[in-house]
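Reading through the structure tokens given below for one structure.
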Amino acid sequence: MNGKRKKFGIGLEYALNGLKEAFMRERNFRIHLFVTVLVIAFSFYVKLSAIEWSLILIMIQTVLIAELVNSLMERIIDYIKPEYHIQAKIIKDVAAAVVLIAAIFSVIVGLIVFIPKIF
């Protein structure tokens, strides 16, 4: 049992270090976190229902995960293929498209949730 606890602690430490690295090195991740703080603050202000909170949190999670995956893909490609290559560019562009799609749909969900609260 003690070995499992130790492994869990180590895994959590690695995960927290990954978040720290993303925060320190990835400007877009910091931007998404800043917007996250604003959205959460506004969500408290307008008093969302449990279902509305769930939708907002799912969209926040989706955008943050998409940004982390995008950053991961960019770093892997830069490591494997530091020189320019068309396939590397396509991989990076598609990874960026994942973030764009997540962000667009999060804005749509946000508008659906927040517009009735504002008006």
Side-chain angles (χ1 to χ4, degrees):
M1 185 74 137
N2 196 11
K4 285 186 180 183
R5 279 190 179 168
K6 191 172 185 178
K7 284 183 183 180
F8 173 77
I10 291 171
L12 181 60
E13 182 180 331
Y14 292 152
L16 292 174
N17 186 57
L19 285 173
K20 180 183 123 190
E21 289 294 327
F23 183 81
M24 298 301 289
R25 297 174 188 269
E26 301 296 334
R27 182 180 65 86
N28 288 341
F29 187 70
R30 289 192 302 273
I31 291 168
H32 289 301
L33 283 177
F34 177 73
V35 172
T36 293
V37 170
L38 294 178
V39 168
I40 288 174
F42 190 67
S43 297
F44 278 114
Y45 177 75
V46 298
K47 297 177 174 70
L48 296 183
S49 70
I51 291 174
E52 291 166 333
W53 267 109
S54 297
L55 291 170
I56 294 301
L57 292 175
I58 288 168
M59 295 316 300
I60 288 170
Q61 169 195 332
T62 301
V63 171
L64 292 177
I65 289 172
E67 184 59 49
L68 287 171
V69 170
N70 179 51
S71 297
L72 177 64
M73 293 300 292
E74 287 180 359
R75 291 204 176 259
I76 289 170
I77 294 302
D78 289 345
Y79 181 76
I80 293 172
K81 198 73 171 167
E83 67 279 355
Y84 178 83
H85 190 279
I86 188 64
Q87 292 299 336
K89 179 190 181 317
I90 292 169
I91 292 167
K92 288 181 175 186
D93 289 351
V94 172
V98 171
V99 179
L100 178 63
I101 290 170
I104 288 169
F105 279 90
S106 71
V107 168
I108 292 168
V109 170
L111 291 172
I112 291 168
V113 170
F114 291 122
I115 285 179
K117 301 287 187 183
I118 297 169
F119 298 108

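Hydrophobic cluster membership differs between Val99 and Leu19, with clusters built from Ile, Leu, Val, Met, Phe, Trp and Tyr side chains linked at under 4.5 angstrom. Under a hydrophobic clustering in which Ile, Leu, Val, Met, Phe, Trp and Tyr are joined whenever their side-chain heavy atoms come within less than 4.5 Å, directly or via other members, Val94 and Ile65 fall into different clusters. Residues Leu38 and Leu111 are members of separate hydrophobic clusters, defined by side-chain heavy-atom contacts under 4.5 angstrom among Ile, Leu, Val, Met, Phe, Trp and Tyr. The hydrophobic clustering, which links ILVMFWY residues whose side-chain heavy atoms are closer than 4.5 Å, places Ile115 and Leu55 together. Linking ILVMFWY residues whenever their side-chain heavy atoms come closer than 4.5 Å, directly or via other members, places Phe44 and Leu48 in the same cluster.
Few gaps surround OH on Tyr84; more than 12 heavy atoms of other groups in view lie less than 6.0 Å from it. By the 6.0 Å contact criterion, CD1 on Ile51 is open, its count of non-hydrogen atoms from other residues, nucleotides or ligands being 12 or less.
Here the CG-CZ distance, from Leu33 to Phe23, works out to 6.5 Å after rounding to the nearest 0.5 Å. Expressed to the nearest 0.5 Å, how far CD of Glu26 lies from CD1 of Ile31 amounts to 11.0 Å. One finds the CG atom of Leu68 at 11.5 Å from the CG atom of Asn28 (value rounded to the nearest 0.5 Å). From Ile91, atom CD1 reaches atom CD of Glu74 across 11.5 Å, with rounding to the nearest 0.5 Å. Rounding to the nearest 0.5 Å places CD1 of Ile77 at 5.5 Å from CE of Met73. Taken to the nearest 0.5 Å, the CZ atom of Arg75 stands 14.0 Å off from the CD1 atom of Ile80.
With respect to the salt-bridge test (charged N to carboxylate O, under 4.0 angstrom), the residues Lys20 and Glu13 do not qualify.
With hydrogens and angles ignored, the 3.5 Å screen pairs a side-chain donor or acceptor of Asn70 with a backbone N or O of Ala96.
For residues 79-100, the set of pairs meeting the salt bridge (Lys or Arg N to Asp or Glu O under 4.0 Å) definition, not counting sequence neighbours, comprises Asp78-Lys92, Lys81-Glu83, Lys89-Asp93.
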Note to self: Could you walk me through whether Val35 and His32 satisfy the side-chain contact (heavy atoms from CB on, under 4.5 Å) test, starting with their C-alpha distance in whole Å, then the side-chain angles of each, then the deciding distance to 0.1 Å, before giving a yes or no?
What the structure shows: CA-CA 5 Å; Val35 172; His32 289 301; 5.7 Å; no
Next item on the list: Please test Ser71 against Glu67 for side-chain contact (heavy atoms from CB on, under 4.5 Å), starting from the C-alpha separation and ending with a verdict.
Entry: CA-CA 6 Å; Ser71 297; Glu67 184 59 49; 3.5 Å; yes
Notebook entry, point to check: Can you list the steps and then say if Phe114 with Phe42 is a ring pair (Phe, Tyr, Trp, His ring centres under 6.0 Å)?
Noted result: CA-CA 9 Å; Phe114 291 122; Phe42 190 67; 5.1 Å; yes
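Across every non-hydrogen atom of Gly110 and Ile56, the tightest pair is CA-CD1, 4.2 Å.
Ile60 pairs with exactly one of Thr62, Val63, Ile58, Leu64 by the side chain to side chain contact (heavy atoms under 4.5 Å, CB included) rule, that one being Leu64.
You'll find the side chain of Val98 stays beyond 4.5 Å of the side chain of Val69, heavy atoms only.
If you check the side chains of Ser49 and Glu52, you find a donor sitting under 3.5 Å from an acceptor.
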